[in-house]
Amino acid sequence: MDGLDALKRKYLEGVAAAGDEAALEDLRLAALGKKGEISLKMRELGQMTPEQRQTTGAALNLLKDEIDAALRGKKAALSDAALDERLRAEWLDVTLPGRPRRMGTIHPVSQVTEEVTAIFADMGFAVAEGPQIESDWFNFDALNIPPEHPARQEHDTFFMARGAGDNRPPHVLRTHTSPVQIRAMAAQGAPIRVIAPGRVYRMDMDQTHTPMFHQVEGLAIDRDISMANLKWVLEEFCRTYFEVPEVELRFRASHFPFTEPSAEVDIRCSWEGGQLKIGQGDSWMEILGSGMVHPKVLSAAGVDPAEWQGFAFGMGIDRIAMLKYGIPDLRAFFESDLRWLRHYGFSALDMPSVFGGLSR
Amino acid sequence: MKFTLSWLKSHLDTSASLDEILYALTDLGLEVEEVQNPEETLGRFTIGLITAAEKHPDADKLRVCTVQTDEGERQIICGAPNARAGIRVVVAKPGDYVPGIDTTIQVGKIRGIESQGMMCSGRELEVSDDHEGIIELPEDAQVGQRYIDYAGLNDPMVYIKVTPNRPDALGVRGIARDLAARGLGTLKPLEVVPVPGAFPCPVSVTLAPEVADTACPHFVGRVIRGVTNGPSPDWLQRRLIAIGLRPISALVDITNLFTFDLNRPLHVFDAGKVQGGLVVRSALEGESLLALDGKTYALRPGMTVIADDAGVESLGGVMGGEASGCSEATTEVFLEAAFFDPILTATTGRALRINSDARYRFERGIDPAFTADGIELATRMILDLCGGEASDVVVAGAAPDTTRAYRLDPARVVSLVGMDIPEAEQRATLEALGFTLEGDMATPPSWRPDVLGQADLIEEVARIASLTKLVGKPLLRGDAGVPGTILTPMQVRERAARRMLAALGYNECVTYSFIDRASAELFGGGEEAARIENPISSEMTHMRPDLLPGLLAAAARNQARGFADLALFEVGPAFHGGEPGEQHLQAAGLLIGASAPRDTFASRRPVDIYDAKADAEAVLSAIGAPAKVQITRKGPGWGHPGRSGAMALGPKVLCAFGEVHPKVLRAMDVKGPAVAFTLFLEAAPFPKAKTPTRPALVLSDLQSVDRDFAFVVDAGVEALTLVNAAAGADKALIESVRVFDQFAGEKAEAQMGAGKKSLAITVRLQPQARTLTEEEIAAVSAKIIEKVAKATGGSLRG
């Protein structure tokens, strides 16, 4: 048995000292190969007595396993070391920038339109649309603004050219989204709840005006809708849109030909430190015009005012975008300055919803 | 509309504070735009007396004055030429802000001598233009008294925005009536005591038939002779100055006062200059008028004029004429009060571009029943201020009867407004506003032409009750439970296109719907029907036929700022005509410059049409357009003729794409390369299947086989022809064919012959029943080579 101890020591030391896979293979052959020392000793077992064979055989098998395990362990260690060495050489500069990806943006007008739509959709309002070149009937007459009404002059209307011999009144670029009220009611009748966002046009261009801007119209008609309902809807809208826990609205009597009674709506806010905060403070800011739809407007759209009543409102999408996101200049909305688009734009995946939040 | 607090109080008996009045005005719908309270700017200045004035030892033009003030004696250095002992002056003390010089006074030394304040000129206080010297006050000015009180300037001016439906609020009395109805005091009675005529009116008035019905149904006038037309009294001048009018003479100032006080525009003719009787008639072709504003206006038939034997003397309801205007020499005046039709007045004023206070009121509608009273009140004031005696009143026509009544339905008021306003309060409100109630019928007062139905009664009641008190009441969704889909399929499609383009790395722009004609023409528009009659600038004359010109203009602006690589898009309407509905929804994308910034991977290369095409296809896929569309060479007019195309379904073009024509780039001042696409979002059909269920996924367990082929073809052969030919070789077995290499150009021609190129495809074979044998694969390959050869004339590359 002393011979086995010597063998064990010899091979285990040899494995530990082996520097590469070839040396290990040599050791394996010398010990466990067909003519290896252990194999030869195995062969001698046949000449032994059964008792001797039992003890020596077990000891030999144990030794064989031990050497085999040592060989494998060392082989794995050598290969890991070689891999480590290779990987150390495969160094890359991780501070280099990654491959360029172009990041697109959504314009604030589109984003805010979707925000507004998400909120009103939750209150049961569908989205109605109408043409931007409008007949003067839809833009004015049907909205109780007869041809010589002073309100018509105050609209700064763009007119489309009329060909020679075409004696119809010229079409207009819609000055507000209100004609969509008429079209939606004429198409759908009552009851109805719609909003109508979109482009509108007025002949005005200065520090705070652009000849095109965006409005959203709201319309709700049913049998018993009141101005108190209008106030609630606008409160809910403003609270959700501006993402504040509370808002306070103030209705102020005003005049629009297409609503009666009419009210301009102010929202409580603070301008402390030049920063607008909605829902607190001592200032009031006008944010929209509204009222109960005039019976003549209902009639023009084929809805019987004796049976139906409801409210309408209109507000500026660009304006509420400026207020919410702190965008200072309306004109920049339409200048497509890349720096502006990137700074004020939204990610493609920022899809506003009531359940997931309107903004991040 | 402007007025002062004291003016208001001449009609309203009230103890309300200025703030209470301002709040009520805005709340009533008479929105306060601006308040100028002289208390804030002038309240600190007091009256002083110069007791001594010595020449400054070191300055010839300065005087060292000793001034007695409410705070004792002060030493003030003054450079005004009139600074001298014994005069009463207005003193600004250290800490006082002087508006005219935008400075807060401090104690300072002037040439070594201390000055403890300032004595002010009219201009420095912004009370007059006078800057020749400091203000000198009469003897009755008490030392220490506030200047503002002494000068009677302590009267806040209020500027309100009057909505077009409220002509009655264009007179101070109408504003007072609203406030009284709100409970802020009582409206003082307006006593009209007619002035008896002392002699027959020497000027006759006739209404011509064409005006008598509508244009001018009522005209009253009278002559007042022996008047002295000097400056009007201080109180009257102060009122006019406070609202921004320049006092002219007593007669003119009186007419202006009536315009703003009672919304009763008047006109005064110098009766000495009127020749013969006055006729109110329609203007004749070729007539003109030199008006009081010094301009001559060419008149047209349909405009209402007041003429005498010499011709047109005045433009009814709009402006008087210079020839018969009153001057300081006027001793005999013809006073006119008439009712002119709102619509005709507006039309005339607009046509001649005259904006006068009279037109502003007549076109909104003055009180037709107040004409006779108006002339009596004005007569009395003229007699009071200018003396003289009045003739009988000459009357032509009669006040138009505007009497009408509407039913007040108190329950409907409550239902519509959503506020519990008791019936008694509703009735009281209407009565306070001048309505007459008989039973449940309400007759509006003659000064409220805007009240034309029951809804207007409701508005009046709600307005006076105060909408501020409105409490929100929930408007729940009609349908309980989870709400249904809100957006239409097209609205969903528009959003999908927008989000996809942003996801592809494009920046969304919103550009104007109108562009210049030249740009519109480059994109197939610019026609007369799409022209705007009154554009705001020459850059915005035509409705855009396509979104790309707007994006190209945006690109040019960005390039000018140094941004060379751009990916811009817009989703919005384009216009193919000038009729309502002649608009369609486009999504357009524009790529300019390089595909990427310079980097360590050599990613940067010029953009090309395959970028545009891939992005357009991605959007088409995102909006659910059919997977297979025809690609044609029928490119858009704006495209490079060899490098543009279209994606179509039969006659329906879904997309135009290509490289932008160099001429278009030059015209729009854009540096290329530029590739673009326009998607016609409404052209793509919606999927027919209305079920969310997908077709079953069929997978084969058998291994697919890929085989590559390279063909030599003529350079003009299109890849799609080759791919379609190969795919047709065995429709059951061939799963897909894809081009993976193109070898063209000089090197290719050197190898393969002039006019040749090589296209390489990879074909995937998917067996369905059993694994393919080499023989079967060889057979399909041969078929592919044959089909391609037949379709393209090409051969397998050796």
Side-chain angles (χ1 to χ4, degrees), chain A residues 96-97 99-100 102-107 109-110 121 123-124 126-127 131-135 148 150-151 158-161 163 170-171 199 203 205 211-212 220 224-229 231-233 235 250-255 260-261 263 292 294-295 309 333-334 336-338 341-342 345 348, chain B residues 26-29 163-165 343 346 363-364 415-418 455-456 458-459 462-463 467-468 470-475 477-478 486-487 491 498-499 501-513 528 531-534 536 554 558 563 567 573 578 580-581 583 596-597 599-601 603:
Chain A
L96 276 180
R99 287 202 165 69
R102 216 167 44 203
M103 295 302 285
T105 51
I106 296 285
H107 195 282
V109 165
S110 301
M123 292 192 275
V127 179
Q132 298 182 10
I133 297 174
E134 257 302 3
S135 74
E148 296 304 332
F158 283 113
F159 295 96
M160 297 301 294
H171 293 323
R199 297 176 172 218
M203 245 181 82
M205 186 144 70
M212 178 188 88
D224 55 1
I225 288 180
S226 74
M227 214 162 179
N229 293 133
K231 189 169 188 197
W232 181 84
V233 164
E235 283 166 347
R250 182 176 74 177
F251 273 42
R252 192 157 41 69
S254 187
H255 168 73
E260 195 146 49
M292 301 304 289
H294 198 290
Q309 64 188 45
F333 274 67
F334 312 116
S336 312
D337 184 327
L338 194 59
L341 297 176
R342 285 179 177 153
Chain B
T26 293
D27 190 55
L28 286 163
T163 50
N165 63 321
I343 292 176
E363 70 183 16
R364 281 162 176 74
S415 149
L416 204 70
V417 180
D456 299 282
I458 297 173
E459 176 165 76
R463 189 172 69 81
L467 293 175
T468 301
L470 203 56
V471 177
K473 194 173 132 213
L475 177 70
R477 255 198 344 258
I486 283 290
L487 298 181
Q491 288 164 350
R498 178 177 288 119
R499 296 277 165 188
L501 281 161
L504 289 168
Y506 290 71
N507 299 106
E508 187 184 16
C509 303
V510 174
T511 70
Y512 287 112
S513 301
E528 179 65 9
R531 183 171 68 81
I532 295 161
E533 186 64 47
N534 54 340
I536 198 159
N558 279 300
F563 293 91
Q583 70 180 57
D599 63 9
T600 52
F601 320 102
S603 313

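Letters go in sequence order (proteins before strands), and every chain restarts at 1. All heavy atoms count here, side chains included; hydrogens, waters and symmetry mates do not. This is a predicted model, so every value here is computed, not measured.
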Q. When rounded to the nearest 0.5 angstrom, what is the spacing between CG in A/D224 and OG in B/S415?
A. 7.0 Å
Q: Check whether any side-chain N or O of A/R102 sits under 3.5 Å from a backbone N or O of B/Y506 as a donor-acceptor pair, and report yes or no.
A: no
**Q.** Contact class of B/S513 relative to chain A, heavy atoms under 4.5 angstrom
**A.** both
(Q) Looking only at heavy atoms and a cut-off of under 4.5 Å, which of B/I343, B/N165, B/I458, B/L504 has the most pairs with chain A? (A) B/N165
(Q) Between B/D456, B/T511, B/T468, who has the most heavy-atom pairs with chain A when the cutoff is under 4.5 Å? (A) B/D456
Q) Among A/M203, A/M227, A/E235, A/E134, which residue forms the greatest number of heavy-atom pairs with chain B at distances under 4.5 Å? A) A/M227
**Q.** Top contributor to chain A interface from B/S603, B/A455, B/A554, B/P597 [non-hydrogen pairs under 4.5 Å]
**A.** B/A455
Q) When only pairs under 4.5 Å are counted, which of B/A502, B/G418, B/G29 shares the most heavy-atom pairs with chain A? A) B/A502
Q) A/A263, A/A121, A/P97: which one forms the most heavy-atom pairs within less than 4.5 Å of chain B? A) A/A121
Q | Straight-line distance of B/L470 CG to A/S226 OG, nearest 0.5 Å | A | 7.0 Å
**Q.** Closest non-hydrogen atom pair, A/I133 against B/Q583
**A.** N-OE1, 4.1 Å
**Q.** Heavy-atom contact with chain A under 4.5 Å, split by part of B/L416
**A.** both
Q. Picking from A/A220, A/S110, A/G163, A/G345, which has the most non-hydrogen pairs under 4.5 angstrom with chain B?
A. A/S110
Q) Which atoms of B/D27 come close to chain A, meaning under 4.5 Å heavy atom to heavy atom: side chain ones, backbone ones, both, or neither? A) both
Q. Considering residues at least two apart in sequence or located in another chain, which fulfil the ring pair (Phe, Tyr, Trp, His ring centres under 6.0 Å) criterion with A/F158?
A. B/F514
**Q.** For A/I106 against B/R499, the heavy-atom pair lying closest together
**A.** CG1-NH1, 3.7 Å
Q | From CZ (A/R342) to CG (B/N507), nearest 0.5 Å | A | 6.0 Å
(Q) Need one label for B/A462: side chain, backbone, both or neither, based on atoms under 4.5 Å from any heavy atom in chain A. (A) side chain
Q. So what's closer than 4.5 Å to chain B heavy atoms on A/L96: side chain, backbone, both or neither?
A. side chain
Q. Heavy-atom distance under 4.5 Å to chain B: side chain of A/V127, backbone, both or neither?
A. both
Q. Checking heavy atoms, do the side chain of A/F159, its backbone, both or neither come under 4.5 Å from chain B?
A. both
Q | Non-hydrogen atoms of A/W232 and B/P474 that approach each other most closely | A | CD2-CA, 3.2 Å
Q) Which atoms form the tightest heavy-atom contact between A/A253 and B/R463, and what is the distance? A) CB-CG, 3.4 Å
Q: Could you tell me which non-hydrogen atom of A/L338 sits nearest to which non-hydrogen atom of B/F563, and how far apart they are?
A: CD2-CD2, 3.7 Å
Q.
Taking every non-hydrogen pair under 4.5 Å, which of A/M205, A/R199, A/K231 racks up the most with chain B?
A. A/R199
(Q) Measuring from atom CD of B/E508 to atom OG1 of A/T105, what distance do you get when rounded to the nearest 0.5 angstrom? (A) 7.5 Å
Q: Please determine, among A/H171, A/M123, A/R250, A/M103, the option with the most heavy-atom pairs under 4.5 Å with chain B.
A: A/H171
Q: Please determine, among B/A503, B/P573, B/A567, the option with the most heavy-atom pairs under 4.5 Å with chain A.
A: B/P573
Q. Looking at B/L501, B/V471, B/T26, B/D599, which has the largest count of heavy-atom pairs under 4.5 Å with chain A?
A. B/T26
Q. Do you know which two heavy atoms are closest between B/E459 and A/P261, and how far apart they sit?
A. OE2-CA, 3.3 Å
Q: Sort B/L487 into side chain, backbone, both or neither according to what part of it lies under 4.5 angstrom from a heavy atom of chain A.
A: side chain
